[in-house]
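In this chain, residues are counted from 1 in sequence order.
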Amino acid sequence: AEGGGEEAASVGVGADAVAELPGIGGTSPSELPEGLVCMQWRACEPRSNDDSGHHLRNQIDAFVLLGQSALFDEFKETRQITKVTSVSVDEVQALQRRAAAFRHALALREAEADAGGGDAKGGKGGKGGKGGKGAPADDASAGGDEAMSVSEKVVQRGWEKLLLDLHLLLRPDTTNTYVREEGRLCYSTGDPVSIKCDNEALTFLEKMLDVRGGSNKAHPGLCGFIRDIM
């Protein structure tokens, strides 16, 4: 009887905890924000052995709660609970590191652009108005604009590749033929994905791909994107 007391106490605590949870079924909780992406990773099978013979859990999956999304008519009034199937923890962490590196690189690029703009507005730039001295300045400005345009295209391609790989990570068996067969970043409707590449989106992806923490925040663009994937 004494041995069973601890087990009974444990069961009792579990029952109390479950009793405090909102009921499943009926009306959905109204306080969940639109565009919510709640993702929680957990270790799962299969296991592998390291050189010492210890069992390592090298696979993880995730439970996902997705809020309403105004991007698609069928998602405007509904929420979705779904699951990311088993995937290598190394693959998830590698994608998270890419998002972090992308964010740092983007921040450096923006800082350099701000610094360059500050120099252009300095005293030396003001002397280009006399005689023919304005022409070289105009040429330099045009060259800078062209370089910036090339840089923006490189950033956009990198961002699209990151989202493509995220799509295939979350749903390797995707039914989106644009992604699976053509490698094009499109919604299942064929419309191009147009999520702005900025610090907010990249920070959000970093958090979402954090296998120790996961995400519990709203991002309307990424929520709609993930709902379409899942």
Side-chain angles (χ1 to χ4, degrees), residues 21-22 24-25 28-29 32-48 55-72 74-103 158-189 191-195 197 200-230:
L21 295 174
I24 298 175
S28 300
L32 295 180
E34 183 176 326
L36 176 70
V37 179
C38 181
M39 185 173 294
Q40 181 65 59
W41 298 93
R42 64 162 195 166
C44 67
E45 301 293 354
R47 296 179 179 179
S48 67
H55 291 292
L56 299 176
R57 292 183 182 269
N58 60 345
Q59 296 290 117
I60 56 177
D61 58 17
F63 290 99
V64 189
L65 169 63
L66 300 169
Q68 297 159 307
S69 172
L71 291 180
F72 297 89
E74 61 265 38
F75 302 150
K76 285 182 178 180
E77 303 297 332
T78 63
R79 301 180 180 94
Q80 181 182 12
I81 297 176
T82 185
K83 183 181 178 183
V84 178
T85 56
S86 176
V87 63
S88 164
V89 64
D90 294 335
E91 189 176 351
V92 177
Q93 291 177 330
L95 196 60
Q96 185 200 27
R97 287 193 295 270
R98 278 176 57 192
F102 206 127
R103 180 174 60 82
W159 174 238
E160 290 176 0
K161 183 65 168 65
L162 183 65
L163 292 180
L164 276 170
D165 290 344
L166 175 66
H167 183 133
L168 294 172
L169 175 82
L170 297 180
R171 191 171 179 187
D173 63 341
T174 180
T175 57
N176 185 322
T177 57
Y178 305 99
V179 172
R180 188 182 69 244
E181 298 177 5
E182 303 176 25
R184 291 170 50 202
L185 184 63
C186 294
Y187 296 111
S188 58
T189 58
D191 297 320
V193 174
S194 56
I195 302 173
C197 177
E200 180 185 4
L202 289 164
T203 300
F204 187 92
L205 288 183
E206 277 186 75
K207 183 66 176 175
M208 190 184 79
L209 295 170
D210 180 358
V211 298
R212 292 179 175 85
S215 64
N216 187 27
K217 292 185 66 176
H219 190 291
L222 286 169
C223 176
F225 174 64
I226 296 171
R227 287 209 63 173
D228 184 60
I229 292 172
M230 305 305 287

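Taking every heavy atom of both residues into account, Cys223 and Gly35 meet most closely at CB-O, 3.3 Å. When all heavy atoms are compared, the tightest approach of Ser86 to Cys44 is OG-SG, 3.8 Å. Thr189 and Phe72 make their closest contact through CG2-CE2, 4.2 Å (heavy atoms, listed as atom of the first residue, atom of the second, distance). Here the closest heavy-atom approach between residue Phe63 and residue Arg42 is recorded as CE1-NE, 3.7 Å. Between Trp159 and Ala201, the shortest heavy-atom contact is CH2-CB, 3.9 Å.
A distance of 8.5 Å separates CD in Glu74 from CZ in Arg227, rounded to the nearest 0.5 Å. With rounding to the nearest 0.5 Å, the separation of CG in Asp228 from CG in Leu71 is 9.0 Å. The OG1 atom of Thr203 sits 8.0 Å away from the NZ atom of Lys217 when rounded to the nearest 0.5 Å. Within the model, atoms CD1 of Ile229 and CG of Leu169 stand 9.5 Å from one another, a figure rounded to the nearest 0.5 Å. Remark: Ser88 OG to Ile60 CD1 distance equals 7.5 Å, nearest 0.5 Å. For the atom pair Ser215 OG and Met39 CE, the distance stands at 5.5 Å (nearest 0.5 Å).
Under the 3.5 Å distance criterion, with hydrogens and angles disregarded, no donor-acceptor pair is assigned to the side chains of Ser188 and Asn176. Between the side chains of Arg79 and Ser69, no donor-acceptor pair of N or O atoms lies under 3.5 Å.
Side-chain contact between Cys197 and Leu202 is present, with heavy atoms from C-beta onward closer than 4.5 Å. You'll find the side chain of Leu162 reaches within 4.5 Å of the side chain of Leu205, heavy atoms only. Phe225 places a side-chain heavy atom less than 4.5 Å from the side chain of Leu166. The closest side-chain heavy-atom distance from Asp61 to Lys83 is below 4.5 Å. Using a 4.5 Å cut-off on side-chain heavy atoms (C-beta onward), Phe204 and Val37 make contact. Using a 4.5 Å heavy-atom threshold, the side chains of Asn216 and Gln40 count as separate. Two residues are said to be in side-chain contact when any heavy atoms from C-beta on lie closer than 4.5 Å; Ile195 and Leu222 meet this criterion.
With sequence neighbours excluded, the residues that form a side chain to side chain contact (heavy atoms under 4.5 Å, CB included) with Gln93 are Val89, Asp90, Arg97, Val211, Arg212. Residues satisfying the ring-ring contact (aromatic ring centres under 6.0 Å, His included) test with His167, not counting sequence neighbours, are none. Residues forming a salt bridge (charged side-chain N to carboxylate O under 4.0 Å, His left out) with Glu206 (at least two apart in sequence, or on another chain): Arg103. With sequence neighbours excluded, no residue forms a ring-ring contact (aromatic ring centres under 6.0 Å, His included) with Phe102. With sequence neighbours excluded, no residue satisfies ring-ring contact (aromatic ring centres under 6.0 Å, His included) with Tyr178.
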Cut-off 3.5 Å, no hydrogens considered: what does the side-chain donor-acceptor table look like for residues 180-187, sequence neighbours left out?
unit_1: Arg180; atom_1: NH1; unit_2: Thr174; atom_2: O; d: 2.9
unit_1: Glu182; atom_1: OE1; unit_2: Arg184; atom_2: NH1; d: 2.8

Working note: Arg171 + Thr82, criterion side-chain hydrogen bond (donor to acceptor under 3.5 Å, both in side chains); need CA distance, chi angles, decisive distance, verdict.
CA-CA 11 Å; Arg171 191 171 179 187; Thr82 185; over 6 Å; no
### Message
I'd like to know whether Gln68 forms a side chain to side chain contact (heavy atoms under 4.5 Å, CB included) with Phe75, so could you lay out the CA-CA distance, the side-chain angles of the two residues, the decisive distance to 0.1 Å, and finally the verdict.
### Response
CA-CA 6 Å; Gln68 297 159 307; Phe75 302 150; over 6 Å; no
Tell me, with the steps shown, if Leu32 and Leu65 meet side chain to side chain contact (heavy atoms under 4.5 Å, CB included). CA-CA 10 Å; Leu32 295 180; Leu65 169 63; 3.9 Å; yes
